[in-house]
Amino acid sequence: MLLAIDCGNTNTVFSIWDGTAFIATWRTATDGKRTADQYYVWLNTLMNLQGIEADITDVIVSSTVPRVVWNLRVLADRYFNARPLVVGKPECALPIDVRVDVGTAVGPDRLVNTVAGFDLYGGDLIVVDFGTATTFDVVASDGAYVGGVIAPGVNLSLEALHNAAAALPHIDISQPQHVVGTNTVACMQSGVFWGYVGLVREICARIKAERGRGMRVISTGGLAPLFQQAETLFDEYQDDLTMHGLTVINKYNKECAE
Ligand SMILES: Nc1ncnc2c1ncn2[C@@H]1O[C@H](COP(=O)(O)OP(=O)(O)OP(=O)(O)O)[C@@H](O)[C@H]1O
Ligand SMILES: CC(C)(CO)[C@@H](O)C(=O)NCCC(=O)O
Ligand SMILES: [K+]
């Protein structure tokens, strides 16, 4: 079985893939100081609690935080006797081209989302991921990653308001009843919620115009459904898009090795 690890700047998600389905998914806060032993105790406890007997033979990692990779490598080696595939490293082959400026290191999560989007929906896509940052990945007709857009994440924007302005509280995002807020929280929610609806719509429209073609918009990330409820911004929502991409990349590398 495959242990797929998607490490973002805020959260790290572990999923176990049995070759057909994900049999378990667990989330923890990303922490560069967590050791391999700590990861294993945590994973093993959850597996036992849920009665999951997983014979993990392969490990694949996508990490936007370089310093956690070392401990995840030790986890794979020490506890699963596996040499992990790390997306973005030369030994991890990708089934897509990456067409960006020379010397540019594209975030591995964006490459994985591109692979997943192309696998599920074909080419000419915009993949929008609502994580720590809100990213837009542009997928060409042949599946290549050809660039994109990075905007501040929804929660990051709310935190920035709170951190910078003494009178603004820490709040969670939700869809406000009205655009015109009549209290501080409603004003902040309106600014970020409707601001984001506009941001997504404008960026997708400009990408389509710049590329001179229609493109399907695929969304992923915990906050995408909240936006989709209010306005039709996306053609498809795929909750486990990044995890799906990791399984595709793992399979591709196994086939290449044969
Ligand atoms: N149904 C939901 N309603 C509201 N918020 C949610 C829901 N599901 C998840 N979230 C929140 O959405 C956020 C986005 O989750 P996601 O895994 O896409 O990115 P992240 O973990 O914040 O960022 P990164 O992947 O960069 O670490 C998380 O902070 C999570 O708490
Ligand atoms: C933009 C983030 C933070 C989104 O997770 C990540 O993909 C990243 O660190 N990217 C590196 C820069 C780039 O993708 O061009
Ligand atoms: K993510």
Side-chain angles (χ1 to χ4, degrees), residues 3-15 17 22 25-32 34 60-70 72 85-90 92 94 96-120 125-140 143-160 173 196 199-200 203-204 207 210 217-228 233-234 236-250:
L3 174 64
I5 308 173
D6 165 23
C7 175
N9 281 282
T10 309
N11 288 304
T12 302
V13 182
F14 291 71
S15 283
W17 172 253
F22 290 108
T25 294
W26 300 296
R27 182 180 279 261
T28 182
T30 298
D31 175 4
R34 188 170 298 142
I60 185 165
V61 175
S62 159
S63 179
T64 59
V65 184
R67 73 174 184 282
V68 303
V69 174
W70 166 258
L72 292 173
L85 269 176
V86 179
V87 178
K89 300 286 178 203
C92 180
L94 294 177
I96 52 147
D97 272 354
V98 180
R99 299 194 196 113
V100 293
D101 299 348
V102 176
T104 294
V106 181
D109 52 341
R110 307 178 72 193
L111 298 174
V112 177
N113 284 347
T114 299
V115 169
F118 185 57
D119 183 68
L120 292 172
L125 303 178
I126 302 169
V127 181
V128 188
D129 188 338
F130 291 86
T132 307
T134 299
T135 53
F136 298 71
D137 308 322
V138 179
V139 185
Y145 171 88
V146 292
V149 174
I150 301 173
V154 173
N155 289 330
L156 196 60
S157 304
L158 285 167
E159 265 165 49
I173 190 72
Y196 256 83
L199 179 147
V200 171
I203 286 176
C204 289
I207 291 171
E210 198 163 280
V217 183
I218 314 301
S219 68
T220 189
L223 293 171
L226 180 72
F227 289 96
Q228 186 74 347
L233 297 174
F234 318 115
E236 307 284 347
Y237 168 69
Q238 188 70 42
D239 159 46
D240 58 358
L241 189 73
T242 313
M243 279 298 163
H244 176 72
L246 286 173
T247 68
V248 175
I249 294 171
N250 185 67

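Order of appearance sets the numbers: ligands from 1, and atoms from 1 within every ligand. Just so you know, these numbers use all the heavy atoms, side chains as well, and skip hydrogens, waters and symmetry mates.
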Can you list everything that forms a salt bridge (charged side-chain N to carboxylate O under 4.0 Å, His left out) with Glu159? Sequence neighbours excluded, please.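 In terms of salt bridge (charged side-chain N to carboxylate O under 4.0 Å, His left out), with neighbours along the sequence ignored, Glu159 is linked to no residue.
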Is there at least one pair of N or O atoms, one from [X] and one from ligand 2, spaced under 3.5 Å apart?
| X | result |
| --- | --- |
| Arg110 | yes |
| Ile150 | no |
| Thr135 | no |

Does Gly148 come within less than 4.0 Å of ligand 2, judged by its heavy atoms? no
Kindly assign one of parallel, tilted or perpendicular to the pair Phe227 and Phe130, based on the angle between their ring planes and the thresholds 30° and 60°.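 Correct class here is parallel.
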Partner of Val127 under side chain to side chain contact (heavy atoms under 4.5 Å, CB included), chosen from Val139, Thr135, Val138, Val112: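 Exactly one option meets the side chain to side chain contact (heavy atoms under 4.5 Å, CB included) with Val127, and it is Val139.
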For [X], counting its heavy atoms only, list the atoms of ligand 2 lying under 4.0 Å from any of them.
| X | value |
| --- | --- |
| Asp109 | 4 (C), 5 (O), 6 (C), 7 (O) |
| Thr64 | 5 (O), 6 (C) |
| Ala105 | 11 (C), 12 (C), 13 (C), 15 (O) |
| Asn9 | 3 (C) |

Using a 4.5 Å cut-off on heavy atoms from C-beta on, say whether the side chain of Arg110 contacts that of Tyr145. yes
Which donor-acceptor pairs under 3.5 Å do side chains of residues 97-105 form with protein atoms, sequence neighbours excluded?
| from | atom 1 | to | atom 2 | distance (Å) |
| --- | --- | --- | --- | --- |
| Arg99 | NH2 | Asp142 | OD2 | 2.4 |
| Thr104 | OG1 | Asp101 | O | 3.1 |

Do side-chain atoms of Thr30 reach the backbone of Asn11 as a donor and acceptor pair under 3.5 angstrom?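 Side chain of Thr30 to backbone of Asn11: a pair is present.
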